[in-house]
Asker: 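One structure follows; several queries about it will come next.
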Amino acid sequence: MPKVKTHKATARRIQVTGSGKLMRTRGGKSHLRRNRSKRAKRDYDEMHAVAAVDVKRVRKLIPYAK
């Protein structure tokens, strides 16, 4: 059987927690943040869970993630 290739861009963006949850950061955090509220800016820094509808698709892109 051929090996399944990892989608490198996805592998860099997604982290897998110890319990197996997929976590991501928000996009757009390096540009035009000056005119956002402090609360909105703080929200960019934390990790968010990948939406349930996307988990199956993302797992196919990173097959060797733990």
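Keep in mind it's a predicted model, so treat the numbers as computed, not measured.
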Asker: Using the test side-chain contact (heavy atoms from CB on, under 4.5 Å), find all partners of A9 that sit at least two apart in sequence or belong to another chain.
Answerer: H7, R13

Asker: With salt bridge (Lys or Arg N to Asp or Glu O under 4.0 Å) as the rule and sequence neighbours excluded, what pairs involving residues 44-62 come up?
Answerer: R33-D45, D54-R57

Asker: L22 and L61: same hydrophobic cluster, using ILVMFWY side-chain contacts below 4.5 Å?
Answerer: no

Asker: Taking the side chain as every heavy atom from C-beta outward, state whether T17 and M23 have any pair of such atoms under 4.5 Å apart.
Answerer: yes

Asker: With sequence neighbours excluded, give me every salt bridge (Lys or Arg N to Asp or Glu O under 4.0 Å) pair touching residues 17-27.
Answerer: R26-D43

Asker: Any side-chain heavy-atom pair from T25 and M47 closer than 4.5 angstrom?
Answerer: yes

Asker: Drop me the distance from I62's CD1 to I14's CD1, to the nearest 0.5 angstrom.
Answerer: 6.0 Å

Asker: Output the distance between atom NZ (K3) and atom OG1 (T6), rounded to the nearest 0.5 Å.
Answerer: 11.0 Å

